[in-house]
Enquirer: 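Next up is a structure, given as structure tokens.
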Amino acid sequence: MSAPCQQPAAPPATSVPPLPPTPVTRRPAVDWRIRFAALSLIWGFSFLLIKVGTQGFAPFQVTLGRLLAGTAVLAVAMAMRRERLPRSARTWGHITVAAFFLNALPFSLFSYAELTIPSTLAGICNATSPLWGMALSVVALSEDRPTRRRVAGLGVGFLGVLTVLGAWQGFSGLDLPGTGMALLASFSYAVGWIYVRRTLAGTGSSTLTLTGSQLFIGTLQLAVVTPVFTSAPDTFPLLPTLSVLALGALGTGLAVLLQYGLVQEVGPTTGQMVTYFIPVIATAAGVALLGEQLTWNTPVGAVIVLAGAALTQSRPSTAAARTRTAGDRTKRLSRT
């Protein structure tokens, strides 16, 4: 989900600017497979942490807490690497918009959604981000033209969504507002990714700098909104407090560093595969640790959603791409 390279499709706990990774200068001490597994677990458990956090705090407070903790982690990383903040006012303006669509809005929507829907359903709704992204990119990004395989993936993916939601039985027993907010959060990620591709890909700032700046602005946005709609908590229950801190420090901070380290080392194609483990882990965590009920259509629909998402992320072979480019050039010349 970037102009020069393909990035992980649907990270739930954080969404960061999909920009080209910087070169790796030395081999990491921990094998990439271990870091891949850790990232999958962190993001897979994020929906469970949201659910537990909302048991002690208002949704906006959960979002503000996770953004604060995530920003703190990235601020330390930026200080250690001596990264400089962007200087352009135009860049900060784009970062502000990106922070809203990639952090403040979707984080808040998922928190509100999990007041009424299971964490398992929220995790599966998050997996629809590549489907929304593909549909939007056809309209917004002229260089991202659809292929038959990707259009088929879009259809398959949304068929999976209908399966998860139990469309054949009239969505009975489904909390429509909560599910709608989870799907809207996933849609917001797609809007944010496309916006970043169009505005921040050539700023010259590092990915870490832009991501840290984005989380900082998102924190400010929530700091303004939260006092308006909520009152300060009277108590800080242990488990919800730890959940919010873990959600921010691990899922919104450490996970970002793991993600880009993986993309730098093994490439975006392998790095994005973490997306397909997230709903599986989210479902297993919700059922095993929260006792959430699971009917047959939920895992079956999730598999269909992931299959569709995988198809939408497929790219034509180099030879096919060259042939299509040559054909496009011929058409343009024939019109002049």
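Everything numeric here is computed off the predicted structure, so don't read it as measured data.
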Enquirer: Heavy atoms only: give me the nearest L131-L154 pair and the separation to one decimal.
Expert: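 For L131 and L154, the tightest heavy-atom pair comes out as O-CD1, 3.2 Å.
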
Enquirer: Is the OH atom of Y195 crowded by more than 12 outside heavy atoms at less than 6.0 Å?
Expert: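 Enclosed: over 12 neighbouring heavy atoms sit under 6.0 Å from OH of Y195.
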
Enquirer: Roughly how far, to the nearest 0.5 Å, is the CD atom of E114 from the OG1 atom of T54?
Expert: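 Atom-to-atom, T54:OG1 and E114:CD are 6.5 Å apart.
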
Enquirer: Side chains of T91 and T203: donor-acceptor distance under 3.5 Å anywhere?
Expert: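 No, no side-chain donor-acceptor pair sits under 3.5 Å.
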
Enquirer: Could I get the full list of side-chain contact (heavy atoms from CB on, under 4.5 Å) partners for T230, not counting sequence neighbours?
Expert: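 For T230 the side-chain contact (heavy atoms from CB on, under 4.5 Å) partners, ignoring immediate neighbours, are A58, F60, Q61, T226.
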
Enquirer: Around F57, counting heavy atoms of other residues, nucleotides and ligands shown, do more than 12 lie under 6.0 Å from its CZ?
Expert: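 Yes - once you tally the heavy atoms of other residues, nucleotides and ligands closer than 6.0 Å, there are more than 12.
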
Enquirer: Does a side chain donor of either E83 or S206 reach within less than 3.5 Å of an acceptor in the other side chain?
Expert: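 A pair is found: one side chain offers a donor N or O, the other an acceptor, under 3.5 Å apart.
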
Enquirer: Does the plane of the ring in Y189 sit parallel, tilted or perpendicular to the ring in W193? Use 30° and 60° as the thresholds.
Expert: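 Geometry flag for W193 against Y189: parallel rings.
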
Enquirer: List the atom of L85, the atom of S213, and the distance in Å for their closest heavy-atom pair.
Expert: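 What the structure gives for the nearest pair is CD2-OG, 3.6 Å.
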
Enquirer: Could you measure the distance from the CZ atom of R198 to the NE2 atom of H94? Nearest 0.5 Å is fine.
Expert: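 Rounded to the nearest 0.5 Å, the CZ-NE2 separation comes to 11.0 Å.
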
Enquirer: If every non-hydrogen atom of P279 is compared with every non-hydrogen atom of A127, which pair is closest and at what distance?
Expert: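 Heavy-atom minimum between the residues: CG-CB, 4.2 Å.
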
Enquirer: Output the distance between atom CD1 (I95) and atom CD1 (I217), rounded to the nearest 0.5 Å.
Expert: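 So the CD1 of I95 and the CD1 of I217 are separated by 7.0 Å.
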
